[in-house]
Amino acid sequence: MLLQSQHTSLRPLTTAHLAQTMTLLELTGEELRQKIEAQLASNPALELIDTARCPHCHRLLSGSGPCPVCSSPNISTGGEPIVFVSPRKDFSTPGRGLSGDEQPSEEWTAAAEDLPTFVLRQISPELEPADRQLAAHLLTSLDEDGLLSVPLLEISRYHHVPLSRVENVQKLIQHAEPLGVGSSTPQEALLVQLEVLAESRAVPDLAALAIKEGMDLLSRRAYSELGRLLHKPTSEAVEIAEFISENLNPFPGRAHWGEVHQASESYPVYKDADIVISCVNENPNTPLLIEIVSPYAGSLRVNPLFRQALSLAPTDKADQWQSDLDEAVLLVKCLQQRDHTLVRLMTRLAVLQRHYILEGDALIVPITRAQLAEELEVHESTISRAVAGKAVQLPNRKIVPLSKWFDRSLHIRTALIQIIADERRPLSDTEIAGLLIKQGYFVARRTVAKYRMMEGILPARLRHSNSNLPMR
DNA sequence: CTATGGCACGGATT
DNA sequence: AATCCGTGCCATAG
């Protein structure tokens, strides 16, 4: 890694270089985009050029070969993941609110219009001309999650119209794609989606109730408590929660969503993934496809014309030009290195965590940043920086923070959830600890209690009432 | 007496 | 150097 920087033909910039590489590493998509835009605007030595794209899937083609995804469906990379860097634009498909089902609303991606415009166009036929202003006001008040950021009452006052009229317009908006957009709360968005979904397909009866009454339980994943609320066994509560998480989206403006609780806690809110992992042809047996999402389209390089022109620079500008050039070279190098690091990191991770990626939390293998750093022969802090704040989109379209991949106890906690979901009678922490140890997870009773709490599961004695009902 | 949560310590991780 | 995490000990509730 370090060697790479040394064959720079330029003056020794290594310290600055290293410093900047680190900074770039920890930048997440949007921040990086801003940084690059700022540089592009201020530094004439930099230019953004188009690079070849696969005519089919629009991915950037690295090098000269054919597109790894569509041109060669039978990739033989010996099980190694395929990695490449592709521009962010190609992924943003915010229309995909409801996963799984139809209504892909390609229009959204095709036309690069923004969310308000997109929705307005859908509802305008049904919109009373008199309500256009209201609709416009509502739509411009959407936050990035597609939720309303101002109270309805405020809007009704502002326009001097009855609240009910505003509500009607909101209802119209909510039923446009992405479904639930313009709701005041995630809860409301879920309910709208559920209602619409129910028209075309069977939904669990209690899902609505669970959302209305047990939203906090859902987000805390307190499934047994939810079960009590619904007067159903925990297993059924889990099913309902799964249904909701699979089919509904509390943030309609976001393309996909990961863990429910993620949004409410102190994690940064991820607009979009920085890394996308998918399966070629949606087939889990093929190599994994890893895409490092770069926030700009095309590739960044030092403008060769500028370099040539340097020798012709007027003497008073020469210094300025030279430093612009240096800076540009540095930035490009650093970006390359950032990508390189991320690619190496993700490749290794994808190999190690293949089962986790494809089959879920239970199969994650605990790994520390330090171990990975050793394998990749980089400094621990490099890994830390690379991981910090990044989000990964898994093949099942969930977005999880990359840091979750380094969760030391995730697999044990999923085992614990499984045990509790399967229990016929509420088991005490001690008993659970015993079972876990039998499965090879050596944890103390005290630790079981901690994990339970992390997952929002109540203590045994409070799980009584319903869990001992017969389960199928 | 048993089950569980709080506090705090020490080692691992970042 | 700071933080996180698993665990032991102890108080408390049932």
Side-chain angles (χ1 to χ4, degrees), chain A residues 1 18-19 21-28 216-217 220-225 227-228 234 259 261-262 265-268 274-275 338 341-342 344-346 348-349 352-353 356 361-362 364-392 400-417 419-421 423-468:
Chain A
M1 293 254 332
L18 281 177
T21 311
M22 287 184 173
T23 330
L24 288 182
L25 240 193
E26 53 190 337
L27 291 185
T28 195
D216 58 318
L217 302 179
R220 278 165 37 219
R221 318 173 107 212
Y223 298 142
S224 44
E225 208 173 322
R228 279 199 308 151
T234 307
E259 305 302 304
H261 63 272
Q262 172 177 317
E265 289 183 20
S266 54
Y267 285 110
D274 302 286
I275 295 150
R338 176 194 135 99
T341 309
L342 280 177
R344 289 222 308 151
L345 173 71
M346 291 314 298
R348 184 68 191 129
L349 272 179
L352 284 172
Q353 305 285 23
Y356 160 69
D361 290 355
I364 195 166
V365 306
I367 182 161
T368 67
R369 294 162 172 74
Q371 278 170 273
L372 203 62
E374 195 181 333
E375 286 191 32
L376 297 180
E377 297 173 308
V378 297
H379 197 275
E380 296 171 18
S381 69
T382 310
I383 305 282
S384 281
R385 287 167 182 280
V387 168
K390 298 273 188 335
V392 185
V400 301
L402 188 51
S403 56
K404 181 175 168 179
W405 294 36
F406 296 88
D407 187 319
R408 274 177 281 166
S409 56
L410 185 60
H411 58 143
I412 310 189
R413 294 207 307 274
T414 45
L416 176 135
I417 291 174
I419 287 178
I420 293 182
E423 74 188 359
R424 298 202 142 273
R425 134 189 92 82
L427 299 170
S428 74
D429 287 352
T430 318
E431 291 170 306
I432 295 176
L435 287 174
L436 282 173
I437 289 172
K438 260 191 206 154
Q439 294 183 25
Y441 302 122
F442 295 92
V443 289
R445 177 237 111 212
R446 190 65 191 78
T447 310
V448 172
K450 287 258 157 103
Y451 288 170
R452 236 191 340 88
M453 282 201 292
M454 278 191 208
E455 301 297 339
I457 301 171
L458 284 176
R461 94 173 84 91
L462 295 176
R463 275 183 271 140
H464 266 294
S465 44
N466 52 50
S467 316
N468 50 7

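Sequence lines set the chain letters: A, B, ... in the order given, protein chains first and strands last, and positions in each chain run from 1. Scope of the values below: all heavy atoms of this structure, side chains included, with no hydrogens, waters or symmetry mates.
- Under the side-chain contact (heavy atoms from CB on, under 4.5 Å) criterion, A:Thr447 pairs with A:Val443, A:Ala444, A:Tyr451, sequence neighbours left out.
- Candidate nucleotides B:dG6, B:dT4, B:dT14 were compared by shortest atom distance to the side chain of A:Arg461, and B:dT4 ranks first.
- For residues 406-417 of chain A, the pairs satisfying salt bridge (charged side-chain N to carboxylate O under 4.0 Å, His left out) are A:Asp407-A:Arg413, A:Arg413-A:Glu455, with sequence neighbours left out.
- Summarising the geometry, the separation between CD on A:Glu431 and P on B:dA3 is reported as 7 Å, rounded to the nearest angstrom.
- For B:dA3, neither phosphate oxygen OP1 nor OP2 lies less than 4.0 angstrom from any side-chain nitrogen or oxygen of A:Arg446.
- Between A:Asp407 atom CG and B:dT13 atom P there is a gap of 13 Å when expressed in whole angstrom units.
- Dashed line: the shortest gap from a side-chain N or O of A:Arg369 to OP1 or OP2 of B:dT14 is under 4.0 Å.
- Between A:Thr430 and A:Ile367, the one whose closest nucleotide on DNA chain B sits nearer the 5' end is A:Thr430.
- Atom P of nucleotide C:dT3 and atom CZ of A:Arg408 are separated by 16 Å, given to the nearest angstrom.
- Rounded to an integer number of Å, the gap from A:Met454 CE to C:dT7 C1' is 13 Å.
- Out of B:dT13, B:dT4, C:dT7, the shortest distance to the side chain of A:Ala444 is found at C:dT7.
- We find that CD1 of A:Ile412 is positioned 10 Å from C1' of C:dG6, with the value rounded to whole Å.
- Applying the 6.0 Å contact sphere to CD of A:Gln371 captures more than 12 heavy atoms from other residues, nucleotides or ligands.
- In this structure, the CG atom of A:Leu410 is 15 Å from the C1' atom of C:dC5, given to the nearest Å.
- Distance A:Glu374 CD to B:dT13 P: 12 Å, rounded to the nearest Å.
- Comparing B:dG5, B:dT14, C:dG6 against the side chain of A:Thr447 picks out C:dG6 as the nearest.
- One finds no side-chain N or O of A:Tyr451 lying less than 4.0 angstrom from the OP1 or OP2 phosphate oxygen of C:dC5.
- Taking atom NZ of residue A:Lys404 and atom C1' of nucleotide B:dT14, one finds them 20 Å apart after rounding to whole Å.
- Distances from the side chain of A:Thr368 to the nucleotides B:dC7, B:dT13, B:dT4 place B:dT13 closest.
- Here the closest non-hydrogen pair linking A:Ala362 and A:His411 is O-CB, 3.6 Å.
- Nearest heavy-atom pair across A:Asp274 and A:Gly389 is OD2-O, 4.0 Å.
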